[in-house]
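Encoded as C-alpha cells, the structure appears first; notes follow it.
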Amino acid sequence: MNPRGARRSRHPARGALHAVVVVALLVAAPAAASASTAAPPSSPSEAFAAATEPALAGWQWPVEPPRIIAAFVAPPHPYGPGHRGIDLAAPSGTEVHAPAAGTIAFVGAVAGRGVVTIDHGDGLVTTLEPVALGTAARVAIGDAVAAGDVVGVADSGGHTPFGAVHFGVRRHGEYINPMLLLGSVPRAVLLPCC
C-alpha cells in the first residue's frame, strides 16, 4: 500500500491506452465532421444543428422593421405543443417579403387564412401567414423570387394575434427557429430627448 492509502492500478498501461484513445478520437472528429452528407436530420436537435451551418447566411426579415411579438417555442416531440415559428408585428397592408431566394410552392387558403410557402432548396421551406389572397396576391405557384421580393401584404386571421404575420421555417420537414437564419433582432437605439 502506498503512503496515502490509495490503491495502485494493477494495469499501469491502462492510463496510456486511455490517452491514445482520446487522442485518436480528437484526430478523427474533424475528419468525420467534414465528411457529413446532406441527408435529412432524424431529430429536431439534428435539424437545429444543420440550421446553424454558415452556408445559410444572408437571410432577411420578411417584414420591416422587425418586431417579434411571439418567439419560437420548440415542441418537446413532433406532435407536442409549441410555437413553430415567430410572430412579427405587421398591421394589415404591410408588405411581406421573401426572406431568401426560392420558388413559390403554395399560395392559398388554409383553415380560412392566406398562406404563402416558399421552397428555398436544400430542404428549407418557409411559410408566411396570414397574407392577403385574391386580387391582393402578389405571387403564384412556380414564381421564382429573390430575397426581399414582395410576396404579398399582411392580412388578419388564423392563429396569429391581430396585426401580426407568422413566419415558420422547416428544414427537411422539421421546424427550426427562424432566428437561426436571421441572426438577432437589430438593437434599439435610444435617441436624445427634446
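- Annotation: side chain of Val115 is in contact with side chain of Phe106 (closest heavy-atom distance under 4.5 Å).
- Under a 4.0 Å N-O distance rule, the pair Arg171/Asp122 qualifies as a salt bridge.
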Residue pair Val151, Leu128: steps toward the side-chain contact (heavy atoms from CB on, under 4.5 Å) verdict: CA-CA 9 Å; Val151 296; Leu128 303 159; 3.9 Å; yes
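- A pairwise comparison of heavy atoms in Arg84 and Tyr175 identifies O-CD2, 3.4 Å as the closest pair.
- Contact of the Pro178 side chain with the Pro99 side chain is not registered, since no non-hydrogen atoms from C-beta on lie closer than 4.5 Å.
- To the nearest 0.5 Å, atoms CG (Leu133) and CZ (Arg113) are separated by 11.5 Å.
- Val169 pairs with exactly one of Leu182, Leu181, Leu180, Ile118 by the side-chain contact (heavy atoms from CB on, under 4.5 Å) rule, that one being Leu181.
- Within the 4.5 Å cutoff, the side chain of Val139 has heavy atoms near those of the Val107 side chain.
- Here the CZ atom belonging to Arg67 is positioned 11.5 Å from the CG atom belonging to Asp87, to the nearest 0.5 angstrom.
- Not one N or O on the side chain of His172 forms a donor-acceptor pair closer than 3.5 Å with the backbone of Leu124.
- The line from CZ of Arg170 to CG of Asp119 is 9.0 Å long, rounded to the nearest 0.5 Å.
- Counting heavy atoms from C-beta on, the side chains of Ile86 and Trp61 come closer than 4.5 Å.
- Here the closest non-hydrogen pair linking His83 and Ala71 is ND1-O, 2.8 Å.
- The two residues Ala90 and Ala154 make their nearest non-hydrogen contact at O-CB, 3.7 Å.
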What's the verdict on side-chain contact (heavy atoms from CB on, under 4.5 Å) for Val96 and Val153, showing C-alpha distance, side-chain angles and the deciding distance? CA-CA 5 Å; Val96 178; Val153 294; 5.7 Å; no
Quick one, Val150 with Arg138, criterion side-chain contact (heavy atoms from CB on, under 4.5 Å). Give me CA distance, side-chain angles, the key distance, then yes/no. CA-CA 7 Å; Val150 176; Arg138 303 278 179 96; 3.2 Å; yes
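- Of all heavy-atom pairs spanning Pro130 and Gly157, the tightest one is CG-O, 3.5 Å.
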As a quick check of understanding, evaluate side-chain contact (heavy atoms from CB on, under 4.5 Å) for Ile69 and Leu88, giving each step before the final call. CA-CA 6 Å; Ile69 57 174; Leu88 301 166; over 6 Å; no
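- Neither side chain, His166 nor Thr127, offers a donor N or O lying under 3.5 Å from an acceptor on the other.
- In this structure a side-chain-to-backbone donor-acceptor pair under 3.5 Å is present from Asn177 to Met179.
- The backbone N or O of Pro62 sits nowhere less than 3.5 Å from a side-chain atom of His97 that would complete a donor-acceptor pair.
- Annotation: side chain of Thr160 is not in contact with side chain of Phe167 (no heavy-atom distance under 4.5 Å).
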